[in-house]
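Here the structure is laid out as structure tokens; the discussion comes afterwards.
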Amino acid sequence: EAGRYRLAAARACPWANRALIARRLYGLEDGISLAMAGPVHGEESWTFDPDEDQRDPVLGIHLLRDAYEARGANVGSGVTVPAMVDVPSGKVATNDFHQMTLDFGQEWRGLHRPGAHDLFPAEHRDEIMATDKANYRDVNNAVYQAGFASDADAYAEAYHRLFARLDALEDHLSTHRFLVGDTISEADVRLWPTLVRFDAVYH
């Protein structure tokens, strides 16, 4: 339903970056509005500092935490983006970043822009998900496992997995423009936000 849900995101977050990319590629800007948090997650929550009065103009909240608590969630420090918020109730509907972009492609198809490309075509779904599983384990998540490792052994294990996967990806992408098939897919959208941050943040 156009206008029913609002995507809460932050450009600093790679998981939210995926949702922003998919929303744009599908042309869902008119169907799913955007609540853009500031660049820093404070002690309590992501905040809507860039907006007038530091409140999201549609949800009317300063802290994304408020939408989680409206849902009845006991969040502690676990207020995450991306999150889809039900506008009428002000409650978070989901923060499942793995499923969210798939839903943008499948469940919101009636609101896609004309000619929008399918990022999750049926004939490549198994390969896309297998590729993403390996990339999530050994790249998207491994950068954090290395960065927050509590000892040298844990660091070395994550480090070696990460760079082995990066070598494999480089080999593949030296002869293929995309990760799966001959056009952009969910696999590319999910890997790119980590790669583009790699030199500036993770390395």
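Heads up: numbering here begins at 1 and tracks the sequence.
- Salt bridge Glu29/Arg24: present, at least one basic N to carboxylate O contact under 4.0 Å.
- One hydrophobic cluster holds both Val92 and Val75 under the rule that ILVMFWY side chains link at heavy-atom gaps under 4.5 Å.
- For His98, the ring pair (Phe, Tyr, Trp, His ring centres under 6.0 Å) criterion is met by Tyr136, not counting sequence neighbours.
- Open room surrounds CD on Glu170; 12 or fewer heavy atoms of other groups in view lie less than 6.0 Å from it.
- Closest non-hydrogen pair, Phe48 versus Leu63, comes out as CE1-C, 4.3 Å.
- A salt bridge links Asp138 and Arg161; the closest N-O separation between the charged side-chain nitrogens and carboxylate oxygens is under 4.0 Å.
- Residues Leu162 and Tyr144 fall within the same hydrophobic cluster, defined by Ile, Leu, Val, Met, Phe, Trp and Tyr side chains chained together at heavy-atom separations under 4.5 Å.
- Within 6.0 Å of atom CG in Asp171, more than 12 heavy atoms from other residues, nucleotides or ligands are found, so the atom counts as buried in its surroundings.
- Side chain of Arg113 to backbone of Leu25: a donor-acceptor contact under 3.5 angstrom is found.
- Within a 6.0 Å sphere centred on CG of Asp151, other residues, nucleotides and ligands contribute more than 12 heavy atoms.
- Put simply, Leu173 and Ile184 are part of two different groups of oily side chains (I, L, V, M, F, W, Y) that touch within less than 4.5 Å, one to the next.
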Residues Arg71, Asn95; criterion side-chain hydrogen bond (donor to acceptor under 3.5 Å, both in side chains); working and verdict: CA-CA 12 Å; Arg71 168 81 182 258; Asn95 65 349; over 6 Å; no

side-chain contact (heavy atoms from CB on, under 4.5 Å) between Arg23 and Leu34, intermediate numbers included: CA-CA 10 Å; Arg23 174 179 174 266; Leu34 181 61; 3.7 Å; yes

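- Looking at Asp182 and Arg177, no side-chain N of the basic residue comes within less than 4.0 Å of a carboxylate O on the acidic one, giving no salt bridge.
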From CA spacing to verdict: side-chain hydrogen bond (donor to acceptor under 3.5 Å, both in side chains), Gln54, Thr47: CA-CA 8 Å; Gln54 298 189 351; Thr47 61; over 6 Å; no

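- Hydrophobic clustering of Ile, Leu, Val, Met, Phe, Trp and Tyr side chains at less than 4.5 Å, counting indirect connections, unites Phe178 with Val196.
- Residues Arg4 and Val87 are not in side-chain contact: their nearest non-hydrogen atoms beyond the backbone lie 4.5 Å or more apart.
- You'll find the side chain of Leu28 reaches within 4.5 Å of the side chain of His112, heavy atoms only.
- For Phe97, the ring pair (Phe, Tyr, Trp, His ring centres under 6.0 Å) test picks out Trp15, with sequence neighbours left out.
- In this structure, Leu7 is a member of the same hydrophobic cluster as Met36, with clusters built from ILVMFWY side-chain heavy atoms closer than 4.5 Å.
- Using a 4.5 Å cut-off on side-chain heavy atoms (C-beta onward), Leu166 and Leu195 make contact.
- Considering only heavy atoms from C-beta on, Leu111 stays 4.5 Å or farther from Ile32 through its side chain.
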Pair His62-Asp49, side-chain contact (heavy atoms from CB on, under 4.5 Å): steps then yes or no: CA-CA 7 Å; His62 171 59; Asp49 295 341; 3.1 Å; yes

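- A 6.0 Å sphere centred on CZ of Arg125 holds more than 12 heavy atoms belonging to other residues, nucleotides or ligands.
- Ring-plane geometry between Tyr159 and Phe163 is classed as tilted, the angle between the planes lying from 30 to 60 degrees on a 0 to 90 degree scale.
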